[in-house]
Amino acid sequence: MRTVIDLDDELLERARVELGTKSKKDTIHAALRLVAERSERLEAVRELLSIDRDWTGVVDDDKTPPGRQDAA
């Protein structure tokens, strides 16, 4: 579906850089996907945190690229 909307160009560019997308369309779709899947990621994190384990340092050891660790 085609929709005409007014976008904040600076915010769109910041999102494009953060998401690593090339076009406005790809950026908007990636951002919408990120928001739409947020509750699923949060639930997965809650399940992991409910496991009886010392999670100290886990994020430091994570191989996720910098800037992508706060995706939840």
Side-chain angles (χ1 to χ4, degrees):
M1 164 176 62
R2 189 171 293 271
T3 303
V4 178
I5 57 174
D6 228 354
L7 296 174
D8 179 326
D9 288 333
E10 182 182 337
L11 190 57
L12 185 61
E13 177 61 14
R14 288 172 53 198
R16 187 196 64 72
V17 169
E18 182 68 24
L19 295 167
T21 52
K22 296 194 184 300
S23 70
K24 288 181 180 181
K25 180 180 176 180
D26 289 345
T27 302
I28 292 167
H29 284 188
L32 290 171
R33 191 175 306 105
L34 189 67
V35 171
E37 296 170 351
R38 182 177 185 265
S39 63
E40 295 170 21
R41 288 191 308 279
L42 287 173
E43 183 57 32
V45 168
R46 285 187 189 104
E47 288 180 31
L48 284 172
L49 292 175
S50 71
I51 298 170
D52 187 22
R53 177 175 189 237
D54 178 11
W55 294 98
T56 306
V58 171
V59 173
D60 296 335
D61 296 338
D62 192 355
K63 301 302 182 218
T64 305
R68 304 281 175 142
Q69 293 174 346
D70 297 324

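Just so it is clear, the values below take in all heavy atoms, side chains as well, and ignore hydrogens, waters and symmetry mates. What you see is a predicted model; the values in this text were computed from it and never measured.
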Peer 1: Under the rule for side-chain hydrogen bond (donor to acceptor under 3.5 Å, both in side chains), what residues qualify as partners of E37, not counting sequence neighbours?
Peer 2: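 Partners of E37 by the side-chain hydrogen bond (donor to acceptor under 3.5 Å, both in side chains) criterion come out as none, since no residue qualifies.
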
Peer 1: Going by heavy atoms in the side chains, are I51 and L48 under 4.5 Å from each other?
Peer 2: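 Yes, side chains in contact.
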
Peer 1: Output the distance between atom NE2 (H29) and atom CG (L19), rounded to the nearest 0.5 Å.
Peer 2: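 Result: 12.5 Å between the selected atoms.
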
Peer 1: What is the minimum heavy-atom distance between R16 and T21, and which atoms define it?
Peer 2: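 Here R16 and T21 meet closest at CG-O, 2.9 Å.
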
Peer 1: Just so I know, are the side chains of E43 and R46 near enough to count as touching, which here means a heavy-atom distance under 4.5 Å?
Peer 2: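 Touching, per the 4.5 Å side-chain cut-off.
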
Peer 1: Between CD1 of I5 and CD1 of I28, what distance do you get to the nearest 0.5 Å?
Peer 2: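 Output value for this atom pair is 5.0 Å.
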
Peer 1: Are L12 and V35 connected in the hydrophobic side-chain network, where two residues link if heavy atoms are under 4.5 Å apart?
Peer 2: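 Result: no, two separate clusters.
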
Peer 1: Could you check if a side-chain atom of R38 sits within less than 4.5 angstrom of a side-chain atom of L34, using non-hydrogen atoms only?
Peer 2: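 No, their side chains stay 4.5 Å or more apart.
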
Peer 1: S23: what forms a side-chain hydrogen bond (donor to acceptor under 3.5 Å, both in side chains) with it, not counting sequence neighbours?
Peer 2: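 For S23 the side-chain hydrogen bond (donor to acceptor under 3.5 Å, both in side chains) partners, ignoring immediate neighbours, are D26.
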
